[in-house]
Amino acid sequence: MASQSVYEFTVKDAMGNDVNLSIFKGKVLLIVNVASKCGMTNSNYTELNQLYEKYKEQGLEILAFPCNQFGEEEPGTNDQILDFVCTRFKSDFPIFDKIEVNGENATPLYKFLKSGNWGIFRDDIQWNFSKFLVDKNGQVVDRYYPTTSPLTIERDMKRLLGIV
């Protein structure tokens, strides 16, 4: 049977532990495939941090999934990625195991995220920092291009969080 929400998935965190995404029930999620050596790394991590600081108390959770499928811009181990993100950007949001988002080995979560009716988007993720906005019921409500600045998503987040 096809999955109905992101809460049905279990993923690995960067330390290799299983994380059942149902622990995020009732939160608004921004799911992002990240990379440490991309031209968009600085702006994305900086803005994701700003959003997380501003809205985590109101129920926002950002889930970052390192991926090396685009220009090999995330070549490091999980430890190196964590060190980079925590040292350079002081990010507090969860960083997960390095995954594939496209192709046969795409993680089931990403197969689910991409299965929506996205109009101009092809199924595949185009590049690092593609973003999926998920409502408090685990439903994907929007998908944003890699070039979309996280801060431009703030209005959509606030609506889902019930902040006017």
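Because only heavy atoms are used, hydrogens play no part in the values below, and waters and symmetry mates are left out as well, while side chains stay in.
When every heavy atom of G103 is checked against every heavy atom of K111, the shortest pair comes out as O-CE, 4.2 Å. When all heavy atoms of A64 and V34 are compared, the pair lying nearest together is CB-CG1, 3.8 Å. Nearest approach of I125 to S130, heavy atoms of both residues: CG2-OG, 3.1 Å. Closest approach of V101 to C67, counting heavy atoms only: CG2-SG, 3.9 Å. Among all heavy-atom pairs drawn from S149 and T152, the shortest one is O-OG1, 2.6 Å. Summarising the geometry of A106 relative to K114, their closest heavy-atom pair is CB-NZ, 4.4 Å, with the distance given to 0.1 Å.
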Q | Verdict with supporting geometry, T87 and D83, side chain to side chain donor-acceptor pair (under 3.5 Å) | A | CA-CA 6 Å; T87 306; D83 185 58; 3.2 Å; yes
**Q.** side chain to side chain contact (heavy atoms under 4.5 Å, CB included) evaluation trace for K54 with L51
**A.** CA-CA 5 Å; K54 196 166 175 185; L51 291 170; 5.7 Å; no
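Shown here are the side chain to side chain contact (heavy atoms under 4.5 Å, CB included) partners of N105, two or more places apart in sequence or in another chain: E100. When the side chain to side chain donor-acceptor pair (under 3.5 Å) test is applied to K158, no partner is found at least two apart in sequence or on another chain. Residues passing the side chain to side chain contact (heavy atoms under 4.5 Å, CB included) test with E53, sequence neighbours excluded: K56, D92.
Rounded to the nearest 0.5 Å, atoms CE (M157) and CG (L60) are 5.0 Å apart. One distance of note links CG of L161 with CD of E154; it measures 10.0 Å at 0.5 Å rounding. Here the straight-line distance linking atom CG of D156 with atom CG of D142 works out to 5.5 Å at 0.5 Å rounding. With rounding to the nearest 0.5 Å, the separation of CD1 in I99 from CG in N68 is 12.0 Å. Rounding to the nearest 0.5 angstrom, the gap separating the CG atom in D124 from the CG atom in N102 is 4.0 Å. One finds the CG atom of N49 at 7.5 Å from the CD1 atom of I62 (value rounded to the nearest 0.5 Å).
Of the N and O atoms on the side chains of D79 and T77, not one donor lies less than 3.5 Å from an acceptor on the other residue. For the 3.5 Å distance criterion, the side chains of E74 and N128 fail to qualify, holding no donor opposite an acceptor.
Counting only residues at least two apart or in different chains, ring-ring contact (aromatic ring centres under 6.0 Å, His included) contacts with residues 4-33 comprise F9-F112. The ring-ring contact (aromatic ring centres under 6.0 Å, His included) analysis of residues 67-102, with sequence neighbours excluded, yields the pairs Y45-F89, Y52-F93, F65-F96, F70-W127, F84-F89.
Using a 4.5 Å heavy-atom threshold, the side chains of D18 and K12 count as touching. Under the 4.5 Å side-chain criterion, counting only non-hydrogen atoms from C-beta, V11 is in contact with L21.
Looking only at distances, a side-chain donor or acceptor of Y110 sits under 3.5 Å from a matching main-chain atom of N33. Under a 3.5 Å cut-off, the side chain of K37 and the backbone N or O of G71 do not form any donor-acceptor pair.
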List the atom pairs, donor and acceptor, that lie under 3.5 Å between side-chain atoms in residues 131-140 and the rest of the protein, sequence neighbours left out.
| from | atom 1 | to | atom 2 | distance (Å) |
| --- | --- | --- | --- | --- |
| K131 | NZ | N44 | OD1 | 3.2 |
| K131 | NZ | F129 | O | 2.6 |
| K131 | NZ | P146 | O | 3.2 |
| K131 | NZ | T148 | O | 2.9 |
| D135 | OD1 | N137 | N | 2.9 |
| D135 | OD1 | G138 | N | 3.2 |
| D135 | OD1 | Q139 | N | 2.9 |
| Q139 | NE2 | Q4 | O | 2.8 |

